[in-house]
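Since the structure comes first, as structure tokens, the remarks are kept for the end.
Note: hydrogens, waters and symmetry copies are ignored here, and every other heavy atom, side chains too, is used.
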Protein chains: 4
Amino acid sequence: MKPGTGESPNAARRSDTSRRAILRAAFDLAGEVGYGRLSIEGIAARAGVGKQTIYRWWPSKGAVLFDAFLLLAEDSGGSPALPDSGDLEADLVAVLRATVDELNDPRYDAPMRALNTEITHDPELARLYSERLDEPMRALKKDRLRSAQRIGELPADLDLDVAVDLIWGPLMNRWMLRSGGLTGDFAERIVAAALDGLRRR
Amino acid sequence: MKPGTGESPNAARRSDTSRRAILRAAFDLAGEVGYGRLSIEGIAARAGVGKQTIYRWWPSKGAVLFDAFLLLAEDSGGSPALPDSGDLEADLVAVLRATVDELNDPRYDAPMRALNTEITHDPELARLYSERLDEPMRALKKDRLRSAQRIGELPADLDLDVAVDLIWGPLMNRWMLRSGGLTGDFAERIVAAALDGLRRR
Amino acid sequence: MKPGTGESPNAARRSDTSRRAILRAAFDLAGEVGYGRLSIEGIAARAGVGKQTIYRWWPSKGAVLFDAFLLLAEDSGGSPALPDSGDLEADLVAVLRATVDELNDPRYDAPMRALNTEITHDPELARLYSERLDEPMRALKKDRLRSAQRIGELPADLDLDVAVDLIWGPLMNRWMLRSGGLTGDFAERIVAAALDGLRRR
Amino acid sequence: MKPGTGESPNAARRSDTSRRAILRAAFDLAGEVGYGRLSIEGIAARAGVGKQTIYRWWPSKGAVLFDAFLLLAEDSGGSPALPDSGDLEADLVAVLRATVDELNDPRYDAPMRALNTEITHDPELARLYSERLDEPMRALKKDRLRSAQRIGELPADLDLDVAVDLIWGPLMNRWMLRSGGLTGDFAERIVAAALDGLRRR
DNA sequence: ATGTAATCGAGACGGTACGTCCAGTCTTGAC
DNA sequence: GTCAAGACTGGACGTACCGTCTCGATTACAT
């Protein structure tokens with residue numbers, strides 16, 4: 001897979017060593033110094049690279065960060081399918097618990113916040129993010145839901161996009177705004193509520 | 001109500017004119033120039049105020065922005081209770097549709113993104129936000145849900161915090177990440193799904 | 001005497017410590033690293049000053065250098081009158097020999113070359129230089145020549161500006177272009193030739 | 001005649017088209033954008049040439065500029081002898097007036113200032129300049145003075161180098177520093193003063 | 001005529017410095 | 001003591017060039 005942000009200059013001559021050093025430095029620095037102190041200058045220095053090499057290939061700090069996540073996804077061999085034990089609720093709880101653990105790991109929390117911030121303020125980046133990172137993940141999630149539809153656990157006419165948002169939205173929102181503890185228990189409750197609904201029956 | 005961010009100097013002598021000018025300028029500038037170009041210097045210049053007056057009373061740009069929202073909430077007379085027609089679903093859809101409209105209004109969208117960004121990267125500010133803005137709103141939301149419990153529309157043992165997150169989380173998450181169209185229709189689907197659950201019954 | 005390059009901002013609040021540190025650093029660096037490596041950034045670093053403080057008060061690197069020479073002239077109490085022993089030729093030779101020694105001193109050679117280069121390419125700076133440094137020196141030179149006129153050593157109708165150029169011009173030109181050795185002997189010959197003329201009599 | 005700056009690589013394969021384009025571009029750009037904005041990159045672009053082609057054949061920007069003047073001198077068929085009407089003063093005035101006109105022509109003024117600046121800061125280039133451009137000119141000037149010696153207009157034991165410096169030095173110095181108007185009248189006065197001497201007789 | 005070696009235009013690279021903007025601190029004089 | 005004003009050190013911005021390097025593609029020489 002190619003870097004996500006479009007390449008105008010003579011990409012054939014591009015130094016892959018520098019590219020990787022930059023993305024690595026961007027991700028690491030985001031984790032170490034935080035979003036506020038994350039600078040192009042710092043990334044260039046850490047990567048042992050001229051600033052121009054960054055400006056030549058990326059339009060913004062956010063684009064670098066985005067590619068850093070993209071590289072991470074590639075290097076980790078892409079995302080595997082969600083577990084499918086036949087019990088949707090158990091599988092979802094397992095996945096969300098893992099997500100909670102990741103979000104609570106400062107090694108990942110800080111860079112993700114940095115990327116999310118950039119996405120928030122850059123619609124073009126948001127589009128790229130949606131297309132390159134969110135959609136593939138969303139597809140895997142929908143696959144699992146479709147499997148549940150197949151065995152009759154979920155209704156056949158369910159709007160899968162709404163379903164995904166209903167399950168993952170509350171978690172991500174609570175993480176971003178720190179509006180409450182981000183625990184496995186919370187994940188469990190959200191899954192249960194999403195599946196069974198709030199309404200009395 | 002006093003500004004939200006703790007005040008050490010002699011607050012008695014504080015100029016309310018300057019305070020309001022600063023908060024007004026902060027909110028307006030956030031909307032006009034966006035988060036990236038929002039600067040203390042710019043706020044001071046727009047408010048016709050010395051920079052020191054800002055640094056004297058607020059610890060960070062985010063704190064100013066936070067107080068700007070607080071002022072807005074005060075000036076608009078605080079938040080009224082959620083509508084209670086006896087039909088929970090209809091009321092929630094109405095409220096979420098209004099929220100959608102607000103989030104789609106660039107006049108509010110930009111400052112809210114700016115504030116959210118600051119909250120994301122500043123746990124102390126997140127605490128304040130939670131306490132001063134989110135909790136009061138959340139209380140009103142819970143009041144409406146409790147009313148539904150009283151008439152048996154919702155189960156008595158429902159975890160109201162989870163319920164609120166389930167209803168509002170997907171909306172806010174989609175708004176922040178622009179991961180899909182933010183429409184009244186989406187609001188409607190989310191409410192329906194949240195109330196009835198995804199699971200086939 | 002005030003700095004030579006016009007001051008627009010609120011000069012009353014100007015830090016004299018920083019001003020002097022900058023001018024000192026500029027002069028010293030010009031001598032140490034040479035014109036080619038003389039940078040605003042380097043001056044600021046050496047002076048322990050923000051770059052903006054230089055940009056706030058001087059329009060160009062040349063203007064800083066110019067003020068550095070101006071400060072030097074002030075601090076050394078201004079230029080004293082040329083010696084007047086009654087023997088014009090001897091006095092001129094003495095003065096030009098001293099000039100030769102100064103021009104051969106690397107401590108002064110490099111900064112002067114730097115300043116001359118800036119003057120060469122900046123007419124406004126050339127005007128300032130002429131007015132603030134060259135003219136006062138030229139006045140002293142003319143005074144000495146006038147004294148010689150008074151005792152009949154020089155004709156009363158002599159064009160003193162041409163005379164000064166004739167005496168000092170060859171020396172400065174040879175220095176700048178290194179078109180020959182810059183020695184006391186050369187100074188002597190120039191003075192003799194200028195006074196007696198080339199023509200056979 | 002070969003370019004003035006020594007050539008190590010295989011000069012036989014050198015592209016004369018590129019060489020001329022570079023020198024032409026250097027001279028023209030010096031005149032158009034001035035010394036401060038004259039860059040190797042700009043010369044290469046203007047000449048339609050790779051940067052390496054410049055770095056391969058010249059050690060510095062000044063060397064390129066120097067060769068540009070050398071090419072100019074070659075192309076204009078070298079310098080002709082100075083006029084010799086039998087009246088030294090008249091001939092010198094004519095020559096210096098022509099020089100004044102050239103120095104006042106912005107087409108030549110700017111590149112010459114650029115070259116002089118490089119010479120000022122590069123002793124090796126100064127040596128080359130002296131050897132390749134100044135000496136040949138100086139030889140012509142001395143020839144004219146020798147002719148005057150032959151007819152007894154100038155003393156036989158005159159130091160011709162001092163004489164040349166005395167006549168041309170004041171003019172060049174005034175030009176470089178803009179320390180006064182550069183007019184034909186000034187040239188005339190200098191010639192008269194240089195020939196007759198300042199001293200009363 | 002054909003290999004081979006150097007030059008060519010092009011342009012990416014690690015860097016330095018530019019001139020600007022802003023952060024956050026400090027000082028001044030008016031109130 | 002607070003205020004508007006604004007100078008101060010410091011540091012990042014995004015740009016322009018530096019001088020080096022590598023890439024194919026000519027191009028001219030020696031076989």
Next item on the list: Name the residue closer to the 5' end of DNA chain E, choosing between A/Ser18 and B/Tyr55 according to the nucleotide with the nearest heavy atom.
Entry: A/Ser18
Next item on the list: Answer with base, sugar-phosphate or nothing: what part of the nucleic acid does C/Ser15 contact at a heavy-atom distance below 4.0 Å?
Entry: sugar-phosphate
Margin query: Can you confirm whether C/Arg24 is buried at CZ, in the sense that more than 12 heavy atoms of other residues, nucleotides or ligands lie under 6.0 Å from that atom?
Written below: no
Margin query: Side chain of D/Thr53, heavy atoms from C-beta onward: which of E/dC13, F/dT2, E/dG9 has the nearest atom to it?
Written below: E/dG9
Next item on the list: List the atom of B/Leu65, the atom of B/Ala114, and the distance in Å for their closest heavy-atom pair.
Entry: CD2-CB, 3.5 Å
Check: What's the CZ-C1' distance between B/Arg14 and F/dT2, to the nearest Å?
Finding: 11 Å
Notebook entry, point to check: Just how far, in rounded Å, is P of F/dT2 from CH2 of B/Trp58?
Noted result: 13 Å
Margin query: If the threshold is 4.0 Å, N to carboxylate O, is there a salt bridge linking C/Asp75 and C/Arg20?
Written below: yes
Next item on the list: For DNA chain E, find the residues of residues 32-52 of chain C with a heavy-atom distance under 4.0 Å and give them by number; none if there aren't any.
Entry: C/Ser39, C/Ile40, C/Glu41, C/Lys51, C/Gln52
Next item on the list: Inspect the surroundings of CZ in A/Arg178 and state if more than 12 heavy atoms from other residues, nucleotides or ligands are less than 6.0 Å away.
Entry: yes
Check: Just how far, in rounded Å, is C1' of E/dA6 from CZ of D/Arg56?
Finding: 8 Å
Check: Counting just side-chain N and O atoms, does B/Trp57 come under 4.0 Å of either OP1 or OP2 of F/dC3?
Finding: yes
Check: Taking atom types as they are modelled, is there a donor-acceptor pair under 3.5 Å from the base of E/dA5 to the side chain of D/Arg13?
Finding: yes
Margin query: Once rounded to the nearest 0.5 Å, what's the spacing between atom CD of A/Glu41 and atom NZ of A/Lys61?
Written below: 11.5 Å
Margin query: Please report the distance, rounded to the nearest Å, between CD1 in D/Ile54 and P in E/dA10.
Written below: 12 Å
Margin query: I want to check a possible cation-pi pair here: A/Arg19 against A/Trp57, using under 6.0 Å from ring centre and within 45° of the ring axis as the test.
Written below: no
Next item on the list: Could you state the atom-to-atom distance from NZ of B/Lys61 to P of E/dG24 in whole Å?
Entry: 8 Å
Check: Nearest-Å distance, CG (C/Leu29) to P (E/dA17)?
Finding: 11 Å
Check: Starting at CG of A/Asp16 and ending at C1' of E/dC13, how long is that distance when rounded to a whole Å?
Finding: 14 Å
Margin query: Are the side chains of B/Ile119 and B/Arg127 in contact, using a 4.5 Å heavy-atom criterion?
Written below: no
